[in-house]
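Scroll down for the structure; my scribbles are underneath it.
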Number of protein chains: 2
Amino acid sequence: MRIAEPTVERLIKYHRLLISMKQGNSSVVSSRQIGDMLGIKASQVRKDLSYFGEIGKPGVGYHVERLCEHIEQILSSPKVWSVALVGVGNLGMALMGHSVFQSYKFEVKALFDVDPEKVGQNIMNIHCWHIDDIARVMKENDIEVVILAVPAVEAQTCIDKAISSNTLKGVLSFTQAPVILPKGVLFYAVDVFVELEKLLFFLKEKERNIS
Amino acid sequence: MRIAEPTVERLIKYHRLLISMKQGNSSVVSSRQIGDMLGIKASQVRKDLSYFGEIGKPGVGYHVERLCEHIEQILSSPKVWSVALVGVGNLGMALMGHSVFQSYKFEVKALFDVDPEKVGQNIMNIHCWHIDDIARVMKENDIEVVILAVPAVEAQTCIDKAISSNTLKGVLSFTQAPVILPKGVLFYAVDVFVELEKLLFFLKEKERNIS
DNA sequence: CAGACTTTGCTAAATATTGCACAAAGTGTC
DNA sequence: GACACTTTGTGCAATATTTAGCAAAGTCTG
């Protein structure tokens, strides 16, 4: 059974919320409460949660810990993914420092850059290689996922080198350049520019509709 | 006429692409070419572009410069938005350094943080205030948009202070915490964690379906 | 333990979004 | 200028996603 992307996205958010609720005082939570906290309709929450069998109790709600484990199981990986971070500039460093990067689901095995100040160094205990070594290092470390945080103009070149490792399975890109990938390689992009433009666009539209 | 969010998102991407094509050699481009470069179906491209009147020529395609201006007009703002960046940590600095922030559509008028090393300083020529001053500074500078780049635990507190300025109209959040806003304030979030989790989830699913 | 609530799981309807297919329009060649 | 292409714009069908509504199940109160 295939799960739709928006559903997965919400499951991730429920999971995150439940983790923070585990330290709270109530051991039970209703779809309404979850929905209100995340800005999602309660019926949507129920539909998402009932996707994998009945887990809530009518008249009561969902048991926080149980539900959390339940979602954890759905989202869980059978293995720890090996990841490479390409581009150790401001953004790359910000990512590395981010708590997200202390996950049990993946491990950043190698860094890549072109800056001679960084290449050869250990940064936050991870070795930084020259981007030209990426195919070899990826093969040696079985790296299947690349996080791309380089300037737009270099994105495609870097990706092409990563592709030549033949181990690449997924890319999370932070650059705004469109990149061409062999089909079969999953691609997700975090596009700051697009989000900001969208915000400004709909702000404009809203003001226009008022006046 | 209301434009759907996915459409706006694609328009932004077309615009970005067209800008880079303006320096290229061909002055004309087809919906097929645009689609291939961005991973979008040609029919979708045509539908998006014809939303605002006929602008292409059958048998030829779209005139790059003309199309670019056309989209620019759709996306254009009647004013330059005043923006505050809340949180001048790694991520905030990365954003400031990003080329996205040299836009003619908005201007970062003020920075906010709690770190005594930063408060009172000018960072990249913009003054950094203590977060407690945000309501006053926002009012004085007519700041309507806040970019939130603080640790999750501080997100709500910061936003509450920004709300009390009464000038807040939109938020672009980089924190993973859900925040409660008065309705009427637009909210967009860039959620690194969610994107990464989605990537890993669908990678897992894909491998599971193969084996 | 009856009656008033609450809340789930699910089905069906409503919306939103994408993709197809084709006529009409433009280009190029001989 | 006839014929073979290419490519747009668009109506309609197909998919995807969200929302509403409700019976059934569980809780609480007196």
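Every chain is numbered from 1 and lettered A, B, ... according to where its sequence line falls, protein lines coming before strand lines.
Just one residue in the list A/Val192, A/Ile147, A/Leu148, A/Val86 forms a side-chain contact (heavy atoms from CB on, under 4.5 Å) with A/Phe174, and that residue is A/Ile147. For the side-chain contact (heavy atoms from CB on, under 4.5 Å) with B/Tyr14, the qualifying choice from B/Leu67, B/Ile40, B/Leu75 is B/Ile40, the only one to do so.
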Reading 5' to 3' through nucleotides 24-30 of chain C, protein heavy-atom contacts under 4.0 Å coded B for base, S for sugar-phosphate only, - for none: -BSS---

Where do N or O atoms of nucleotides 17-19 of chain C meet protein N or O atoms at under 3.5 Å, pair by pair?
{"residue": "C/dT18", "atom": "OP1", "partner": "B/Arg10", "partner atom": "NH1", "Å": "3.1"}
{"residue": "C/dT18", "atom": "OP2", "partner": "B/Arg10", "partner atom": "NH1", "Å": "2.9"}
{"residue": "C/dT18", "atom": "OP2", "partner": "B/Arg10", "partner atom": "NH2", "Å": "3.0"}
{"residue": "C/dT18", "atom": "O5'", "partner": "B/Gln44", "partner atom": "OE1", "Å": "3.3"}
{"residue": "C/dG19", "atom": "O6", "partner": "B/Lys47", "partner atom": "NZ", "Å": "2.4"}

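For C/dG9, the OP1/OP2 oxygens have a side-chain nitrogen or oxygen of A/Tyr62 closer than 4.0 Å. Within the 4.0 Å cut-off from OP1 or OP2 of C/dT8, at least one side-chain nitrogen or oxygen of A/Arg46 is found.
One interatomic measurement links the two molecules: CG of A/Leu49 to C1' of D/dT18, which rounds to 15 Å at whole-angstrom precision. In this structure, CZ of B/Phe52 is placed 16 Å from C1' of D/dT10, rounded to the nearest angstrom. As a whole-Å value, the separation of A/Leu67 CG from C/dT8 C1' is 13 Å. Separating the CZ atom of A/Arg66 from the P atom of C/dT8 is a distance of 13 Å, rounded to the nearest angstrom.
Remark: B/Lys79 NZ is packed, more than 12 non-hydrogen atoms of other residues, nucleotides or ligands lying under 6.0 Å away.
Residues A/Arg16 and B/Asp191 are paired through a salt bridge, judged by an N-O separation under 4.0 Å between the basic side chain and the carboxylate. Salt-bridge check for A/Glu205 with A/Arg208: passed, with a basic side-chain N closer than 4.0 Å to an acidic carboxylate O. Using a 4.0 Å cut-off between a side-chain N of Lys or Arg and a carboxylate O of Asp or Glu, A/Glu207 and A/Lys204 do not qualify as a salt bridge. Under a 4.0 Å N-O distance rule, the pair A/Glu9/B/Lys198 qualifies as a salt bridge.
Counting non-hydrogen atoms under 4.0 angstrom, B/Ile55 reaches the backbone sugars and phosphates but no base.
Residues B/Val137 and B/Ala110 share a closest heavy-atom pair of CG1-CB, 4.0 Å. Between B/Ala135 and B/Ser164 the shortest heavy-atom distance is CB-OG, 3.5 Å.
For DNA chain D, none of the residues of residues 190-207 of chain B falls under the heavy-atom distance limit of 4.0 Å. Listed by residue number, the members of residues 11-34 of chain A with any heavy atom below 4.0 angstrom from DNA chain C are A/Ser30, A/Ser31.
Pairs passing the salt bridge (charged side-chain N to carboxylate O under 4.0 Å, His left out) check and including a residue from residues 92-110 of chain B, sequence neighbours excluded, read A/Glu197-B/Lys105. Pairs engaging residues 36-76 of chain B under the ring pair (Phe, Tyr, Trp, His ring centres under 6.0 Å) rule: none recorded [sequence neighbours left out].
Note that the CD atom of A/Glu65 and the CD atom of A/Glu72 stand 10.5 Å from one another [nearest 0.5 Å].
Note: B/Phe101 and B/Phe106 have perpendicular aromatic rings, judged against thresholds of 30 and 60 degrees for the angle between ring planes.
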